Amino acid sequence: MHPDHTETPHRPPPTPSQGKSRRLRNTVVTLALGATMFASGAVMLAPGQTTVAPPPGHGQAASSVPRGSIVALQARVTRLPKDAGGWAALGMAYIQQARTTADPATYDRAEKALRTSLTVQGEDNTDAEIAMGALAAARHDFPTALRWARTATTSSPYSSPAYGVLADAYTQLGRYDEADQVVQKMTDLRPDAASLARASYAFELRGDIGRARTLMRRSLAAAAIPADSAFAHNILATLDLQGSDPRAALTGTQAGLRAVPGDSALLETRARAHLALGNTDKALADYRAAIAVAPLPHYLLGLGELEQSLGHREQADEQYALLRAQDRIRKATGTPADTDAILFEADHGKANNAVKMAEQTLSARPFVAVHDAYAWALHRAGRDTEALVQADEALALGTRSALFRYHRAVIRDALGDSETARRDLTEALREPGFHPLHADAARDLLRRIDTTP
């Protein structure tokens, strides 16, 4: 894949049906780019976290939809109940809202609106098909997201957002070569902020941080709205953290926050930059501000483990209680666990439960971050031989993740392989503040290995 050398091909003029409701279609496309670009943080990886966040996973693609927009769309479909495009736009707006509220009921409202759109117009309803794929991705049901994305790209083969959903689904299903091909198609159709960001992530997954940074800068230059700019700044800051440059990350997040004040993803990344620089009070303040905007699991876990590292046990337990409450809701809906929940259970709950959670998730989502979480759960359960297989799988693409490296180092050390454990620890500690708890543990383990005959 060569997405940094793309040209926009000739596209046929829109047919009359494609030209209908152009303003609403633009609304749906704009929301789709936000809601599907690394949906729910599930795709993008960040140091010390494994979701999504995507993305996946690593920042949010856009801020939440203003309440007034949803009210206006509700009024529209009340006035025009046979308006398929209006229902699709409303459904996508709900998805975008749910990404920042973490409220499963909002996803249910999105599905109801989208089902209504498909009832009104069952054929060639690309907007609703894209949105259904985005909804499935947001719920981490990537096989379903793949089916809807294929339907959307069939009904509208020139739809860049449809290929975005398809690329995200392939990525999370561990089908990375197919994802690369789709991202190339997407950038050929429209080399915009969304396609360039996905191209950047394809290289980041393979550890090519230089190429990833170049493409994300192009995504920033192509940003059409403040939310796109904030997203690009957030990813660039995360790449700076991976490159052991927390001061550059701090500068980048502050630039993004000028574009979108109060963006939760930028606040969380700035918290990690402050932590890497030793400014724990500022890190705590930014984590709390991010959670006030969007109580997403990886924010709660990050704050809880930072509080624990500082000896604030009561404050840490408050965050852990919220995480357990969120996981009870997840179990009630039958949704597979995300990697944050698996790692939380492995480190702060029962390891055998974490193994079961990981096995369920991996069966439907064989993504690198899930392999890593499964490896760590297996290690905590005392099953290190099996754990090493999964840890190797997590790093097979060349992904640069300090947390992945630390997990594999601990597993290798447990198996008596201190020399290769040392190499992984050295790589992990190139990012010295990669985790509130594990970074210190990594340094301790490396000292023990180096001082043991």
Side-chain angles (χ1 to χ4, degrees), residues 40-60 99-102 140 234 238 241 264-276 280 283-331 335-351 353-354 357-358 361 369-370 372-377 380 401-404 406-407 431 433-442:
S40 293
V43 179
M44 283 288 190
L45 294 179
Q49 69 185 69
T50 51
T51 63
V52 300
H58 213 243
Q60 303 298 319
R99 289 177 57 253
T100 54
T101 62
H140 292 182
N234 187 55
T238 300
L241 286 173
S264 66
L266 283 163
L267 288 167
E268 189 266 349
T269 302
R270 191 171 71 177
R272 291 187 285 110
H274 281 311
L275 180 60
T280 55
L284 288 168
D286 275 344
Y287 267 123
R288 290 166 184 158
I291 289 168
V293 175
L296 299 178
H298 61 284
Y299 300 175
L300 296 170
L301 185 57
L303 177 58
E305 292 183 328
L306 176 54
E307 297 277 22
Q308 183 179 340
S309 74
L310 297 171
H312 305 162
R313 190 69 231 190
E314 184 177 344
Q315 292 90 332
D317 286 343
E318 289 176 4
Q319 308 309 315
Y320 297 160
L322 289 171
L323 280 165
R324 292 188 178 96
Q326 288 186 348
D327 201 54
R328 286 194 292 272
I329 295 171
R330 175 196 65 80
K331 290 177 182 176
T335 305
D338 204 347
T339 51
D340 298 303
I342 297 166
L343 293 174
F344 173 66
E345 186 66 23
D347 283 329
H348 306 282
K350 297 179 179 179
N353 288 347
M357 292 162 65
T361 300
V370 183
D372 170 72
Y374 188 26
W376 191 240
R380 299 286 286 184
S401 167
L403 187 64
F404 291 9
Y406 167 72
H407 286 162
E431 188 185 328
F434 72 88
H435 191 278
L437 297 173
H438 294 325
D440 284 343

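A quick note: this is a predicted structure, and the numbers were derived from the prediction, not measured. In what follows, every heavy atom counts, from backbone to side chain, and hydrogens, waters and symmetry copies are set aside.
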How long is the span from the CG atom in L284 to the CD atom in Q315, to the nearest 0.5 Å? 9.0 Å
What closest approach, in Å, do A346 and A377 show between heavy atoms, and which atom pair accounts for it? CB-CA, 4.1 Å
Quick one, P295 and Q326 - any side-chain contact, counting heavy atoms below 4.5 Å? yes
Identify, with sequence neighbours excluded, every residue that meets side-chain hydrogen bond (donor to acceptor under 3.5 Å, both in side chains) alongside H274. none
Checking R324 now: which residues fulfil salt bridge (Lys or Arg N to Asp or Glu O under 4.0 Å) with it, not counting sequence neighbours? none
Using only heavy-atom distances, determine whether the side chains of H438 and E305 contain a donor-acceptor pair under 3.5 Å. no
Looking only at heavy atoms, what is the nearest atom pair of P297 and L323, with distance? O-CD2, 3.5 Å
Hey, does H348 have a side-chain heavy atom less than 4.5 Å from the side chain of Q308? yes
Go through the steps to decide whether K331 and M357 satisfy the test side-chain contact (heavy atoms from CB on, under 4.5 Å), and finish with yes or no. CA-CA 10 Å; K331 290 177 182 176; M357 292 162 65; 5.5 Å; no
Salt bridge (Lys or Arg N to Asp or Glu O under 4.0 Å) partners for R328, two or more places apart: none
Identify, with sequence neighbours excluded, every residue that meets salt bridge (Lys or Arg N to Asp or Glu O under 4.0 Å) alongside K350. none
All heavy atoms of D286 vs all of A271, minimum pair found to be CB-CB, 3.6 Å
Once you round to the nearest 0.5 Å, how far does CG of L241 lie from CZ of R270? 13.0 Å
In terms of heavy-atom contacts, A290 and S264 come closest through CB-O, 3.5 Å
How far apart are the C-alpha atoms of I291 and Q319, what are their side-chain angles, what is the distance that settles it, and do they pass the side-chain contact (heavy atoms from CB on, under 4.5 Å) test? CA-CA 10 Å; I291 289 168; Q319 308 309 315; 3.9 Å; yes
My understanding is that only residues two or more places apart in sequence, or in another chain, count here; which of them pass side-chain hydrogen bond (donor to acceptor under 3.5 Å, both in side chains) with Y374? E359
Under 3.5 Å donor-acceptor, T339 side chain and V370 backbone: no
Under the salt bridge (Lys or Arg N to Asp or Glu O under 4.0 Å) test, which residues partner D347, sequence neighbours left out? R380
Do L343 and H407 come close enough that some side-chain heavy atom pair is under 4.5 Å? yes
Which value, rounded to the nearest 0.5 Å, describes the distance between H312 atom NE2 and D317 atom CG? 13.0 Å
Over all heavy atoms of both residues, which pair between A442 and Y406 is shortest? Give the atoms and the distance, please. CB-CD1, 3.6 Å
OG1 (T269) and CG (N234) are apart, to the nearest 0.5 Å, by 3.5 Å
Do E318 and R313 pass the salt bridge (charged side-chain N to carboxylate O under 4.0 Å, His left out) test, and can you show the C-alpha distance, the side-chain angles, and the key distance before you say yes or no? CA-CA 9 Å; E318 289 176 4; R313 190 69 231 190; over 6 Å; no
How close do P436 and L275 get, counting heavy atoms only, and between which atoms? CG-CD2, 4.0 Å
Under a 3.5 Å distance rule, please check whether Y299 uses its side chain to pair with a backbone N or O of E268 as donor and acceptor. no
In Å, rounded to the nearest 0.5 Å, how long is the span from OH of Y320 to CG of L303? 9.0 Å
If you measure from the Lys or Arg side-chain nitrogens to the Asp or Glu carboxylate oxygens, is any gap between E431 and R272 under 4.0 Å? no
Rounded to the nearest 0.5 Å, how far does CG of L306 lie from CG of L301? 11.0 Å
Please walk me through it: do D327 and E345 pass side-chain contact (heavy atoms from CB on, under 4.5 Å)? CA-CA 10 Å; D327 201 54; E345 186 66 23; 5.5 Å; no
